[in-house]
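Here's the structure we're looking at; comments come further down.
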Amino acid sequence: MFELLKKVLAPIGPSGLEAPVAAVIREEIEKYVDTVEVDALGNLIATKLGKAENPRKVMLSAHMDHIGYIVIGAEKEGFLRVTNVGGIGMNASLTRHVVFPNGVHGVVVAEPVSGQPQLKNLFIDIGAKDKEEALKMVSLGDVAVYANDCFRLGEHRVAAPAMDDRCACALLVKLLQTVGETQDTIIAVFSVQEEVGCRGAKVASFAKEPDVGIALDVTGWGDTPGVHYPEIKLGEGIAVKVMDRGSISNPELREALMAAGEKAGVKTQREVLPYGGTDASAMQTSRGGIPVCTVSIPCRYVHSACEVIDMRDMDAGLKLLQTYFN
Ligand code: CO
Ligand code: ZN
């Protein structure tokens, strides 16, 4: 699983520019599914037909996009001005290595201000001598992401900037590769533009008309100094969401997923997240409404350049999902 995760973490794919991620995933899943397509927004949609006479359609959604900094202008001294694509926190933005899809590297820096710096105080130093050179190196509208830096922490943990949500993409790939024959039809959506409002999952769930929707995403953590909620601990199992700010999970579906975890003999955690949202929010209000839940991978420092997960939780998630479908 670690080798696959590393592969899926590597491509640069800010919201709206996910094609390099889709290319890597497509290659991994193609021979395990019945059809693969890419829709107009760039969602990669793989369908694995169920063996039941009248199979349920279960949509699983994991987003490929990653938060980033979009260029809105350049100073005459060559520094780029940027704004956020998705949820950029100031504390996570200070003096960070970023990279543009064309290979240009930069450092995100905040100018000194009295009080907390704001987004408007950020600039990216790409080593340009003036505005003209800067705008030859990158264009207005180009998006930088945190440069990939994937490393192991201790025996079980891994840090990387795009863990949200490539770890769930890797989990979904692994599920397709290992689940075998299922009664349900699985519609695996590697979605786009989650970080800017779950736009990919919205159109995919409309088009595919699933009976059930399950988002696969990271969740927050409550096990580091000064952080107690959500009550989620790394290494203590895969989390099943009760609620976040975007969706309330369907109770029967939630319990069925918890029961699958128990049957699989893996540790699970009940997740009540006082912030955030996932593709489940878009799926649940699609068409006439769809029962949804989110299977969540506990993740520390979400939306930073060092998002940390525990591989044991990934394994627990895989076993839970395999059991749910078998
Ligand atoms: Co996110
Ligand atoms: Zn996410």
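Counting starts at 1 for both ligands and their atoms, following the listed order. Every heavy atom of this structure was used, including side-chain atoms; hydrogens, water molecules and symmetry mates were not. Everything quoted here is computed from the prediction, not taken from an experiment.
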For this session: Could you go through the side-chain contact (heavy atoms from CB on, under 4.5 Å) check for N250 and C293 one step at a time?
Result: CA-CA 6 Å; N250 174 273; C293 191; over 6 Å; no
For this session: Apply side-chain contact (heavy atoms from CB on, under 4.5 Å) to V21 and D65, showing your working.
Result: CA-CA 8 Å; V21 191; D65 63 312; over 6 Å; no
Measure from the Co ion (ligand 1) to each N, O or S atom of [X] and report whether any distance is below 2.8 Å.
X	result
D165	no
D164	yes
H63	no

For this session: Using the Co ion (ligand 1) as the apex, give the angle to atoms OE2 (E195) and NE2 (H303), rounded to 10 degrees.
Result: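 Vertex at the Co ion (ligand 1): approximately 110°.
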Exercise. Can H303 and D164 be said to form a side chain to side chain donor-acceptor pair (under 3.5 Å), step by step?
Worked result: CA-CA 7 Å; H303 286 200; D164 175 11; 2.8 Å; yes
Problem set entry | R152 to F2 six-membered ring, cation-pi geometry met (6.0 Å, 45°) | yes
Problem set entry | the Zn ion (ligand 2): angle it makes with NE2 (H63) and OD1 (D164), nearest 10 degrees |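 It is 90°, given to the nearest 10°.
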Exercise. N/O/S atom of D217 under 2.8 Å from the Zn ion (ligand 2), yes or no?
Worked result: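 Given the 2.8 Å cut-off, D217 counts as a ligand of the Zn ion (ligand 2).
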Problem set entry | Check against salt bridge (charged side-chain N to carboxylate O under 4.0 Å, His left out), K7 and E28 | CA-CA 10 Å; K7 215 186 257 187; E28 291 292 328; 2.8 Å; yes
